[in-house]
Structure formats: structure tokens, C-alpha cells
Amino acid sequence: MFSKINSIYLRGMEGKNVTVEADVSDGLPGLILVGYLASEVREGGDRVRTAIKNLGLSLPPKKITINLSPADFRKEGTGFDLAIAAAILSAYGGFRAKDLKDAVLFGELGLDGTVRGIPGVMALTDQARESGFKRVFLPVENVNEASVIGGMELYGIRDLRHLLEVLSGKLPMQAESTINMDELQNSMNRYEVDFSELSGQPLLRRAAEVAAAGKHNLLIVGPAGAGKTMLAKRMPTIMPGLDIAESIEISKIYSVSHLLTAKEPLIRIRPFRAPHHTVSVQALTGGGRRPKPGEISLATGGILFLDEFPEFSRAALETLRQPLEEREVTVSRVEASVTYPANFQLVAAMNPCPCGHFPDRSRCRCTEGQITRYLQKVSGPMLDRIDICVEAAPITYGDIKSSGNNESSREIRARVEQARKIQRERFAGENVRCNGEMSGRHIRKFCGLGREEEKFMEEIFEKLALSARMHDRILKVARTTADLAEEEKIRLADLCEAVSYVKSRDKFWGN
């Protein structure tokens, strides 16, 4: 007998439909799996056969051939176990495979027949919906995660016997109830930290607000204890709030990485990823024998914070350059190449010298050569991708005592969201959404200057010996400060503020 069961294979963030074909015929008893399979898929045959035996499901000895079609790409992972088992049981007459024409199955089997959870269920379910399937049979522990994707009937399967009883009609086919999306919506954007907890540092607070409003990459230079890390951790709280659609897109990445749980099936706040400076290139960008998303992909929609910026390896920092421009990263392996989102905002922090006290020469004992070598660990091309550089001053006793007067994240976020709204309207029909993403063409189109402002920029260009790239960066940041003030034109004050961020960089690296 012959049967076909639908399943899906996830390559990167994209799913591919796979048909699991089973043929049961007379001949030397055995189980053969074909279709360009990785070792863990082939091992699934032994898991399935043992699970069927341990559940007491007696099958006549036959020659069983399993084919995973199409056979022109490599299938990996353990998610095909449930579909293989269903195809075998159907071929033996346990139920009619045609009843599953509108359904897909995925899940891993234990030797006792238990159906275990797998990574990437949210992306798999979304692919099933886009492919026109109506029903999904999946592990019970993955049901909440899959419920986030609407428009599908979900059936949580405990073990093979449960599956067989449901499909043979012995148990009612009852879809699992989906999670309450209204409750999820109401529970989103609730952070445990707040900007009001940051004492003093008005310059840092302003720079963070501008960076969030225009999605500009931010570099903070200052001594230890000045609040650099504290500010970075609160950056997500002033970014525009997550909506359900964006949350689902971010959650898919975490689903592929197996970082979602039944209790937390959705990412409800903007990600904040802070890898240690010893992180490898592969951990940062993603990879492995079976490529998985790295830190830059997990930071999509949120903040990638690199503390002790110069201490990261040169290779790791240089790897960030392309994703910062293209907002995605491609991981290439012999078998295939996969592309993951990398649409993050970079916030970096560093000391001004090895000891952290420069330019306070009463405390700093570093030589000029030591300081220069330390700063040069950050390359010019990497610095060129950072729009705002700001220096953090040491915290004073007065700053600590006046902490009760600080603005809250909610107040700052309201201004940021208004600025982002202006940008969305401005860039309607363009391939950018924020000022920080503007190219030279967009800058010429949207950053026009009046006569007085044009004269100021000409003088600054000559006086500071600016490069064309630095000139464009000033205009991008000035456009954001004007948006925060809800001004249609870039003003002289906006240019002066943007130039001050350039001067902060020049203090340490020159032009």
C-alpha cells in the first residue's frame, strides 16, 4: 500500500513543503529512507519503528520504503518523525491519508512514542498557512507558539497512539484553543527598567532620544560608572512600542533558535542583546553545521549592545559592517546558504583609554601610544557606520540627589513615536523607514537647507575638513532633531547639535 503525508522543512527563516511518501510491499522486511537526508533524518526511521513497537502497535513484517520529496535539497533535523510515522501507519491501513490532504505534520518522536517539541514551529506554521493548508498536527508543547499564527486549526499530539486514535476516528478531532491575542497585546511593551532611573547625564539622554527617533547607531565614550550600560539597557524602553505583527516577525527568529517556551510563546518587548566581548564571529552572525541565527539576528527590532567596544575582535567588528548596511546576514555553507534578518540598532560603549580615565590626567596614567593603540582597535569603516558619538561625563553627587526629577521612558517614547510617524509619512513609497537608513539619494531629496543653514554647513565643512560621508551623517542626524521638534525644515540649531556629535568623535579619533 502507498500513502502520502505533508510536512515542512525549515531552511533559515523560509519553509519548504515536503511530501513524505510511504510504500509498504512484500519483500525482505526492513525500513529504507531516501530523499537526500541528513543522518538525523535517517535515524528517525529507527525512532519511528521503535516507538511503534513500544506502543504495542503490531505491524506485519513488510518492506517499507520512505521517500521525502522533492529530493533536490538536503533535509535536516528531527521534525519529520511524526510525518514519517503517520505515513507508515496510513500505508498499513490505520487511517486514510487522503483525510490529511489539507494538513501538515511535524514533531520529534521519543522511543516510547511521545511527541516532543521542535524549534521553528512558528515559522513552520506560517509557511503552512501561506501554502494553503488548513490544519497542523504538532507536539502539545508547541501549540501555544503556533497559536500566534492565526487562521490555522491546531491539533496538539501527545504520542503516536493519540495521533492514530484521532485520525482513525476513535477520538474526536478537536482543535486546541488558541491563545488570547487581546491579552497578549495588552501585556506587550512592559519593561522592568525605566529612563527615570538614570541620574544626570542630560547630554546622554538627549543623544539616546535622537538615536531612537531616527534609528541612528550610537557610540558612548566615557569612564566606568558614568551610566553607559545603564542607558543602553533602557534604550528599548524609549523606542516605538511593538505591535503584534512586528512581534510575530521577531518571535519567528526566536522560534527558529528554540528560545520560545509554552509560557512565553511571543516576544513582547524589544530585544536587547549584549554579547560578551569574547564572542566569536559565528556566534555573532549565526552559523554552525546547521546554521542558526546569531546575536545580530536575535537583536532584530531592538538593540545590539556592544560593551567594551574595542575589546571585541577586529574580525567580529568588521563582520557587522555589511549587516548594518543591508539589514540582513547570509550564512553560507557547503550544503546551502541561509539568510536571516539583521535589522538591529547598534549601541556601543567604551572607555576613552585602557584605564578608563582619559582625558583626566590627574587619574589617567596611560601614555599617548597606549591611548592611540586602544582607540585604533575600532576601525574607521566601523566608525563610519555610527551616526552619533557622545561623551559621558562622570556622575556627580548632585546628579544622584536630583534623580527624582528625571523624565520617564513613556514621556520620551511619546516624542520618539511622533518623530517616527513623521518619517513614515515622509518615506512613503521609499525603501527606507527611518532617517538613519537614508542613502545619499534620500539625503539630497529630504534634507534640503535654507540659505543661512547652507552657509553654515559650508563653513563647517571647510573648518573641520569634513568628508562627504561625515557631511551626510550630520544632515541625517539634523533631520531627526528637526523631526523631534516637529519642524518641516532643518534649522541652524539642528545642524549645531548634529555637528556636536561629530566633534565628540573628533576629540578621540580625529577626522
Side-chain angles (χ1 to χ4, degrees), residues 203-204 207 211 216-229 231-232 274-285 295-296 303-325 329 344-394 436 460-461 463-474 476-477 498-511:
L203 181 60
L204 280 190
H216 300 286
N217 297 320
L218 172 66
L219 173 61
I220 309 169
V221 185
K228 304 187 295 295
T229 301
L231 177 135
H276 191 262
H277 60 77
T278 58
V279 66
S280 67
V281 173
Q282 189 179 79
L284 199 59
T285 61
E295 291 291 339
I296 62 175
I303 297 295
L304 177 68
F305 177 52
L306 302 184
D307 201 5
E308 306 295 345
F309 198 39
E311 301 299 337
F312 284 79
S313 70
R314 176 61 68 95
L317 292 182
E318 297 305 301
T319 302
L320 295 176
R321 287 161 54 181
Q322 185 178 1
L324 282 170
E325 296 287 341
V329 59
F344 60 92
Q345 184 173 352
L346 176 65
V347 176
M350 58 179 288
N351 295 329
C353 68
C355 77
H357 298 299
F358 181 79
D360 183 1
R361 280 304 188 179
S362 65
R363 303 176 67 190
C364 177
R365 296 293 184 267
C366 300
T367 66
E368 293 295 332
Q370 288 175 322
I371 295 173
T372 300
R373 284 192 297 273
Y374 181 77
L375 295 174
Q376 286 180 346
K377 290 181 180 180
V378 183
S379 69
M382 188 68 232
L383 287 171
D384 284 340
R385 286 161 173 78
I386 297 175
D387 293 338
I388 298 177
C389 178
V390 63
E391 184 177 5
I460 288 296
F461 190 87
K463 184 176 180 180
L464 300 181
L466 298 178
S467 64
R469 183 179 285 109
M470 195 70 72
H471 169 270
D472 288 352
R473 183 179 297 114
I474 289 173
K476 285 197 293 186
V477 176
V499 169
S500 72
Y501 299 131
V502 172
K503 292 293 291 180
S504 293
R505 169 185 160 165
D506 288 350
K507 177 178 179 179
F508 298 100
W509 284 279
N511 188 19

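Values below: every heavy atom of this structure, side chains too, minus hydrogens, waters and symmetry copies. All values derive from a computational prediction rather than experimental measurement.
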#### Entry: D506 CG to L464 CG distance, which is reported to the nearest 0.5 Å
6.5 Å

### Query
Counting only heavy atoms not in R469, do more than 12 fall under 6.0 Å of its CZ?
no

### Task
Evaluate the side-chain proximity of L304 to P275: yes if any heavy-atom separation is below 4.5 Å, no if none is.
yes

### Message
Using a 3.5 Å distance criterion without hydrogens, assess whether the side chain of Q345 forms a donor-acceptor pair with backbone atoms of A211.
### Response
yes

### Heavy-atom side-chain proximity of F508 to V378 below 4.5 angstrom
no

### Task
Begin from the C-alpha positions of L375 and F358 and carry the test side-chain contact (heavy atoms from CB on, under 4.5 Å) through to its verdict.
CA-CA 12 Å; L375 295 174; F358 181 79; over 6 Å; no

### Query
CE/M350 to CD1/I220 distance, rounded to the nearest 0.5 angstrom?
12.0 Å

### Query
Looking at CD of E311 and NZ of K377, how far apart are the two atoms once the value is rounded to the nearest 0.5 Å?
4.5 Å

### Message
I'd like to check the side-chain hydrogen bond (donor to acceptor under 3.5 Å, both in side chains) partners of D472; sequence neighbours left out, ordered by chain and number.
### Response
none

#### Entry: Non-hydrogen side-chain atoms of M382 and F309 separated by less than 4.5 Å
yes

### Query
Are the side chain of K228 and the backbone N or O of P223 linked by a donor-acceptor pair below 3.5 Å?
yes

### Spacing of L218 atom CG and F305 atom CZ [to the nearest 0.5 Å]
9.5 Å

### Task
Could you grab the distance from atom OG of S313 to atom CG of L284, nearest 0.5 Å is fine?
8.5 Å

### Query
Can you find a heavy atom in the side chain of L306 that is under 4.5 Å from one in the side chain of L317?
yes

### Query
Between C389 and W509, which heavy-atom pair has the shortest distance, and what is it?
SG-CZ3, 4.3 Å

### Task
Determine the minimum heavy-atom distance between P352 and I371, stating which atoms define it.
O-CG2, 4.0 Å

### Task
Report yes if the side chains of S504 and V221 come closer than 4.5 Å at any heavy-atom pair, otherwise no.
no

### Query
What are the two closest heavy atoms between G222 and N351, and how far apart are they?
O-OD1, 3.2 Å

### Message
Measuring from atom CE of M470 to atom CG of D384, what distance do you get when rounded to the nearest 0.5 angstrom?
### Response
6.5 Å

### Message
Can you give me the closest heavy-atom contact between Y374 and E308, atom names plus distance?
### Response
OH-OE1, 4.2 Å

#### Entry: Taking every non-hydrogen atom, the tightest pair across V347 and A232
CG1-CB, 4.0 Å

### Task
For the residue pair E318 and S379, establish whether any side-chain heavy-atom pair is separated by less than 4.5 Å.
yes

### Query
Considering only heavy atoms from C-beta outward, does the side chain of N217 approach that of D387 to under 4.5 Å?
no

### Query
Does a sphere of radius 6.0 Å around CZ in R314 hold more than 12 heavy atoms from other residues, nucleotides or ligands, not counting ones at 6.0 Å or beyond?
yes

#### Entry: Exercise: identify the closest heavy-atom pair between A226 and L204
O-CD1, 4.4 Å

### Task
Before giving the answer on side-chain contact (heavy atoms from CB on, under 4.5 Å), spell out for R505 and R473 the whole-Å C-alpha distance, their side-chain angles and the decisive distance to 0.1 Å.
CA-CA 12 Å; R505 169 185 160 165; R473 183 179 297 114; 3.9 Å; yes

### Stepwise side-chain contact (heavy atoms from CB on, under 4.5 Å) test for F344 and L324
CA-CA 8 Å; F344 60 92; L324 282 170; 3.5 Å; yes

### Query
R373: what forms a side-chain hydrogen bond (donor to acceptor under 3.5 Å, both in side chains) with it, not counting sequence neighbours?
none

### Task
Go through L383 and L219 one step at a time and tell me if the side-chain contact (heavy atoms from CB on, under 4.5 Å) criterion holds.
CA-CA 9 Å; L383 287 171; L219 173 61; 3.9 Å; yes

### Task
Taking R385 for its side chain and E325 for its backbone only, find out whether a donor-acceptor pair lies under 3.5 Å.
no

